[in-house]
Colleague: 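Structure provided below as structure tokens; questions to follow.
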Amino acid sequence: MTSLSNPDTSNSATPIILDGRQGGPSGDGGSDSAHERLFAGLNPQQREAAEYRGAALLIVAGAGSGKTSVLTRRIAGLLQSREAWPSQILAITFTNKAAAEMRERVQALVGDTAQGMWISTFHSACVRILRREAETIGKTQSFTIYDSGDTRALLKRIIKGLDADTLGFTVAGAAARISKLKNELTDIETYARSANLSDPQEVMFLEIFRQYTRQLRSANAFDFDDLIAETVFLFRAFPKVAALYQRRFRHILVDEYQDTNHAQYSLIRELTMPIAPAIADELEAQGHHVDRMRDPLGVIPGASLTVVGDSDQSIYAFRGADIRNIVEFERDFPGAKVVLLEQNYRSTQNILSAANSVIANNFDRKDKKLWTAVGDGDKIIGFTGYSGHDEAQFVADEIEKLHAAGMAYSEIAVFYRTNAQTRALEEIFIRSALPYRIMGGTKFYERAEIKDAMAYLTAVANPDDALALRRILNTPKRGIGPATETQLGSYADDNGVSFRQAMRDAGSLGLGPKVTAAILQLAGLLDTATEMVDPANPAGASPVADVLTYLLDESGYLDALRNSRDPQDEARAENVDELVAVTREFARNNPDGGLIDFLTEVSLVAAADEIDDSSGTVSLMTLHTAKGLEYDAVFLTGIEEDLLPHRMSANEPGGPAEERRLFYVGITRAKKRLFLSLAMTRAQFGETAVAMPSRYLQEIPADLIDWKQSPGTANGRGGSQSRALNARRPGLGSGSGSSGSGSSGSGSRWNDSPGSGGYGAGGGRAPDRPKAEWPNRVTGQVRDNGDLELVAGDRIRHSDFGDGRVTAVTGEGAKRVAHVQFEKVGAKKLLIKIAPIEKL
DNA sequence: TCCACCGCGATTTTT
DNA sequence: TCGCGGTGGA
């Protein structure tokens with residue numbers, strides 16, 4: 001590694017040398033050297049940002065400019081100098097992982113003094129506030145948080161009930177519209193006032209929105225967007241409640257400010273408002289000592305606000321993020337100080353140059369140029385595959401090379417625009433025995449069996465949650481069908497009782513004896529479990545794991561999975577066991593945590609939170625998930641038109657610019673090596689379609705990229721070249737010797753044409769490849785070679801790579817790996833169990 | 001009420 | 001390609 005002048009890049013593992021405790025609790029005088037040590041190694045801009053004191057500070061932090069360092073030192077400085085108690089600090093990050101990291105780093109700087117800070121995501125912070133203040137707004141402390149799946153389930157029932165689909169309403173459409181309104185803090189009454197009631201479509205939407213709101217309320221539940229919006233409403237409706245938090249948080253710091261939406265922005269505004277004298281008087285009267293904080297007029301000044309962001313990395317406009325929040329910060333907070341961080345401590349100059357020239361094409365931005373003292377580094381590597389699989393093979397091969405050269409798998413990441421692209425990558429990675437992990441794909445907590453188990457817990461924690469009850473009513477099968485469910489629902493509505501109470505009253509509904517018994521049994525089970533978690537229980541509240549085990553056993557859910565004929569149910573049962581293990585783990589980490597705390601934590605996990613730096617695997621994720629992360633080597637795949645920029649973004653205002661930022665974010669994640677790849681054909685909807693190189697590729701200066709196989713060559717309009725390449729059958733150009741075309745890529749770029757007929761030839765290859773070669777999903781049936789025995793010296797034939805000789809066999813059982821020297825494509829590693837190989 | 005079968009539509013990104 | 005919803009028979 002080239003030596004950096006700044007020892008502290010934003011994610012480095014370098015231990016932090018400072019020990020904040022050494023200064024002792026008092027001495028302001030002696031703290032000078034501690035202070036100096038705290039800020040040692042920061043560049044002048046970073047230092048200015050960390051030390052500035054004033055009402056409002058905007059840190060415009062380019063990618064990799066060490067903003068986490070600045071933030072943590074800023075917090076540490078406030079604590080060390082005794083300007084703030086830990087409890088007066090609120091730091092908001094985008095993911096739980098970022099929050100945990102920040103806490104850790106502050107702790108490393110100042111030690112246990114850091115206890116008591118709120119460092120969390122917007123959502124977690126709001127949940128904390130809402131649980132505390134639930135009664136004020138007509139909820140109970142045990143409210144449920146509905147994730148997008150729950151929201152969809154609820155809307156589905158509502159839309160069906162209203163026959164709204166005939167008017168063209170879809171679940172996704174309604175959900176998006178409601179979400180958007182909530183992000184703009186438009187509640188149902190406000191919306192109703194402005195709605196055009198002569199439009200039947202709009203009337204119907206209003207009804208959907210109304211029912212949705214009503215059902216959430218009666219279920220004692222908030223959806224994701226409510227968490228923010230309701231907190232803002234709470235503060236606005238109850239200034240005294242707001243004042244409690246305004247008084248408490250004196251220093252508020254917000255990371256990734258460019259991705260805040262209007263609701264989040266408003267929340268920050270509320271929290272940083274000064275407290276009027278009258279309310280301050282009341283606080284004082286209630287015993288909150290605030291008089292020392294008041295100014296001569298009796299006002300408690302607003303908290304100081306620090307926001308960090310980079311408008312070039314704003315990639316969540318589709319979700320309501322408003323780039324104006326950061327662009328207009330100085331107008332919103334007059335007198336705000338602005339500090340620019342442009343020195344990059346992460347990437348090589350080549351990578352930064354590529355990033356700079358790409359983002360320069362976005363016209364409405366403040367010019368900002370990242371630079372580094374590290375040096376040029378390696379060139380960016382480009383590759384054009386014939387298909388998504390070909391591209392994936394290139395990625396796998398290059399990863400193996402990097403690994404062989406000493407790079408840890410965990411320092412390598414593969415990014416893509418859409419989750420669908422994981423299929424090809426996964427297939428190739430499995431066959432190549434490459435350890436990988438997909439971040440945020442089908443998330444563990446989104447699996448049906450996990451949601452089922454969680455619904456049992458939710459039903460116990462929040463007896464009003466009808467949605468959870470409906471979910472488990474006939475899971476496992478108890479003979480309680482939709483008709484019965486509807487009857488229970490209307491009984492509850494008619495008698496003004498909860499769904500849960502309706503279940504207890506099943507005896508008086510005139511249902512069949514079998515069904516009645518089943519319902520009563522479930523109701524009894526839940527009631528017993530509710531007693532188990534009741535803190536008033538003389539035996540004390542049972543651990544979550546025990547309750548869960550009890551529910552799963554007594555309901556027969558686990559038995560149903562274990563005795564099922566469906567082979568996938570075995571894996572599902574294992575997942576459920578895994579969930580039980582998670583609850584144990586939770587109890588270990590949170591000795592005071594109860595059922596509600598567990599449910600909250602699970603509801604708020606994000607894709608990026610799963611990343612475990614020590615896992616020793618390559619990380620695969622979408623470009624969105626990649627934000628805020630960094631890796632030694634980064635592969636950006638699928639750099640094609642209609643994928644990046646994505647086809648769906650074309651019609652949206654600002655769409656292409658946001659896609660460009662997404663590309664920019666991807667590029668700037670790379671520390672040392674960057675690989676850009678694309679394919680000439682890509683499978684979608686099961687059919688292969690022709691793909692064109694992304695327009696963004698041309699925005700990177702040609703001399704920065706070394707094309708192992710350029711779109712120009714692979715895609716040549718003359719056709720001769722591409723045909724020649726295609727003719728080179730078995731090798732498939734996968735990484736092998738065919739490189740050296742760097743020059744051809746630089747001189748004549750392919751930008752001259754879409755070349756319509758150009759490479760239909762690529763499709764010509766498809767038929768001679770038998771379908772069965774590509775196993776389906778990893779989860780489904782995969783090719784299985786059983787106990788094929790291979791030893792060094794054996795000759796084998798691979799359906800893609802041709803013939804080769806086994807040089808070694810490593811691993812055990814199903815994970816045995818053959819190291820093979822192929823005649824045409826060189827050395828490869830193959831997972832014996834599933835590789836398309838035969839022994840010769 | 002449950003299960004097997006068939007046909008169609010979908011796909012952007014996520015706290 | 002796959003997963004979902006709708007249909008029809010047991």
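Values below: every heavy atom of this structure, side chains too, minus hydrogens, waters and symmetry copies. Computed from a predicted structure; not experimentally measured. We name chains A, B, ... by the order of the sequence lines, and we start the count at 1 in each one.
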Colleague: With a 4.0 Å cutoff (strictly under), does any side-chain N or O of N419(A) reach OP1 or OP2 of dT14(B)?
Modeller: yes
Colleague: From the list dT12(B), dT15(B), dT1(B), which nucleotide is the closest neighbour of the side chain of H646(A)?
Modeller: dT12(B)
Colleague: At their closest point, which heavy atom of S694(A) faces which heavy atom of L644(A), and how far apart are they?
Modeller: OG-O, 2.7 Å
Colleague: What contact category does Y316(A) fall into here, base, sugar-phosphate, or nothing, at under 4.0 angstrom with non-hydrogen atoms?
Modeller: sugar-phosphate
Colleague: So is the aromatic ring of F318(A) stacked onto the base of dT13(B), judging by whether the centres are under 5.5 Å apart and the planes are under 30° apart?
Modeller: yes
Colleague: Counting any heavy atom closer than 4.0 Å, what does T484(A) reach on the DNA or RNA strands: base, sugar-phosphate only, or nothing?
Modeller: sugar-phosphate
Colleague: Can you check the I480(A) CD1 to dT1(B) P distance for me, whole Å?
Modeller: 10 Å
Colleague: Nearest-Å distance, CD (Q258(A)) to P (dT14(B))?
Modeller: 16 Å
Colleague: Return the NE2 to CG distance between H262(A) and L185(A), rounded to the nearest 0.5 Å.
Modeller: 4.5 Å
Colleague: For the residue pair L623(A) and F663(A), establish whether any side-chain heavy-atom pair is separated by less than 4.5 Å.
Modeller: no
Colleague: Applying a 4.0 Å non-hydrogen cut-off, can you work out what A483(A) is touching in the nucleic acid: base, sugar-phosphate, or nothing?
Modeller: sugar-phosphate
Colleague: For dT15(B), does either OP1 or OP2 sit under 4.0 Å from a side-chain N or O belonging to S148(A)?
Modeller: no
Colleague: Any side-chain heavy-atom pair from E659(A) and M648(A) closer than 4.5 angstrom?
Modeller: no
Colleague: Closer to the 5' end of DNA chain B via nearest nucleotide, is it G481(A) or F122(A)?
Modeller: G481(A)
Colleague: Could you tell me the separation between the CG atom of L473(A) and the C1' atom of dC2(B), rounded to a whole number of Å?
Modeller: 16 Å
Colleague: Looking at dT11(B), dG6(C), dT13(B), which one has an atom nearest to any side-chain atom of K160(A)?
Modeller: dG6(C)
Colleague: Go through dT15(B), dT1(B), dT13(B) for me and flag the one nearest to the P482(A) side chain.
Modeller: dT1(B)
Colleague: Nearest of dT1(B), dC3(B), dT11(B) to any side-chain atom of K477(A)?
Modeller: dC3(B)
Colleague: Counting any heavy atom closer than 4.0 Å, what does K156(A) reach on the DNA or RNA strands: base, sugar-phosphate only, or nothing?
Modeller: sugar-phosphate
Colleague: With a 4.5 Å limit on heavy-atom distance, are the side chains of R471(A) and T458(A) in contact?
Modeller: no
Colleague: In this structure, which one of V127(A), L227(A), N96(A) forms a side chain to side chain contact (heavy atoms under 4.5 Å, CB included) with T121(A)?
Modeller: N96(A)
Colleague: Could you give the CG-to-C1' distance, from D642(A) to dT13(B), as a whole number of Å?
Modeller: 16 Å
Colleague: Tell me the interatomic distance from Q421(A), atom CD, to dT11(B), atom P, rounded to whole angstroms.
Modeller: 16 Å
Colleague: Can you tell me the distance, in whole Å, between the CD atom of Q264(A) and the C1' atom of dT14(B)?
Modeller: 12 Å
Colleague: How many Å lie between NE2 on H389(A) and P on dT1(C), as a whole number?
Modeller: 10 Å
Colleague: With respect to the phosphate group of dT1(B), does any side-chain polar atom (N or O) of N474(A) fall under 4.0 Å of OP1 or OP2?
Modeller: no
Colleague: Tell me whether the OP1 or OP2 atom of dT14(B) has a side-chain N or O from T622(A) closer than 4.0 Å.
Modeller: yes
Colleague: Any N or O donor-acceptor pair under 3.5 Å from the base of dT15(B) to the side chain of H123(A)?
Modeller: yes
Colleague: From the set dT11(B), dT15(B), dT13(B), return the single nucleotide nearest to any side-chain atom of T121(A).
Modeller: dT15(B)
Colleague: Specify the separation, in whole Å, of atom CD of E446(A) and atom P of dG3(C).
Modeller: 15 Å
